Amino acid sequence: MAGREIRRTFAVFPMGSVMKLTNFSARQIRYYEEQQLITPDRNEGNHRLFSLDDIDRLLEIRDYLDEGYSIAEVRDIYKRRKDAHRTEDAKARRLLRDEILNSGPFRQQPHKSNTFNK
DNA sequence: CTTCTGACA
DNA sequence: TGTCAGGA
C-alpha cells in the first residue's frame with residue numbers, strides 16, 4: 001500500500017465539501033458513519049476528514065438508495081462483499097504457501113520406501 | 001464561520 | 001431525517 005493507494009485513503013475533505021460532492025445532508029453522512037459504511041478520520045478539532053474512498057462509497061450508497069435499497073440492505077451488501085473478498089484472499093494465500101513449500105529450498109522430498117530397485 | 005454531539009417540542 | 005441547542 002503506497003503511492004497511488006495512499007492518495008485514495010488520505011483523508012482531507014471536510015464535511016462541507018463532502019455534502020456538496022454527494023448531495024447528502026450532514027445528518028445522513030454522520031448516520032452512515034455510525035452504520036460503519038464509511039470511516040472518516042478526525043482532525044485536531046474533532047472535525048471529520050473524508051478520503052476519496054469515503055466519497056466514492058457515499059456516491060455508491062446514493063446509487064443503491066436510488067435503486068430502492070434500504071440502508072440495512074446496503075450495509076449487508078458491503079458485508080457480503082467484504083466476506084467474499086476475505087475468502088478469496090485466504091484462497092490466494094494458501095496457493096502461494098503451497099507454491100513456496102513445493103519449490104526452491106523448501107521443497108519437500110517425496111519419501112519413497114523403495115529407493116533401491118528399479 | 002464550520003462542524004460536533006445529543007435530543008426530540 | 002430535519003432541526004435546534006450549546007460548545008469547540
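Just so it is clear, the model here is predicted, and its values are computed rather than measured.
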Atom-to-atom span, CD of E34(A) to P of dC4(B) - whole angstrom: 13 Å

L58(A) CG to D53(A) CG distance, which is reported to the nearest 0.5 Å: 11.0 Å

Spacing of M15(A) atom CE relative to dC4(B) atom C1', expressed in whole Å: 9 Å

Among V74(A), T22(A), I77(A), side-chain contact (heavy atoms from CB on, under 4.5 Å) partner for I61(A): V74(A)

Salt bridge (Lys or Arg N to Asp or Glu O under 4.0 Å) evaluation trace for R93(A) with D89(A): CA-CA 6 Å; R93(A) 283 204 300 270; D89(A) 227 54; 3.4 Å; yes

Same cluster (ILVMFWY, side-chain, under 4.5 Å), V18(A) and L21(A): yes

Strand contacts (DNA chain C) in residues 55-63 of chain A, 4.0 angstrom heavy-atom criterion: none

Contact state string [nucleotides 1-8 of chain C, B base, S sugar-phosphate only, - no protein heavy atom under 4.0 Å]: BBB-----

Spatial distance of atom CD1 (I29(A)) from atom CD1 (I55(A)) [nearest 0.5 Å]: 9.0 Å

Between Y78(A) and Q35(A), a side-chain donor and acceptor under 3.5 Å: no

Atom-to-atom span, CZ of R48(A) to P of dT5(B) - whole angstrom: 4 Å

Below 4.0 Å: OP1/OP2 of dC4(B) and any side-chain N or O of R30(A): yes

4.5 Å side-chain heavy-atom contact, H85(A) and R81(A): no

Value rounded to 0.5 Å, distance of CG in L37(A) from CG in D54(A): 11.0 Å

Salt bridge (Lys or Arg N to Asp or Glu O under 4.0 Å) evaluation trace for K79(A) with D83(A): CA-CA 6 Å; K79(A) 173 174 164 37; D83(A) 289 344; 3.5 Å; yes

Atom pair CG/CD1 of L95(A) and I100(A) - distance to nearest 0.5 Å: 11.5 Å

Watson-Crick and G-U pairing of DNA chain C written in dot-bracket, each distance under 3.5 angstrom, with | for inter-strand partners: .|||||.|

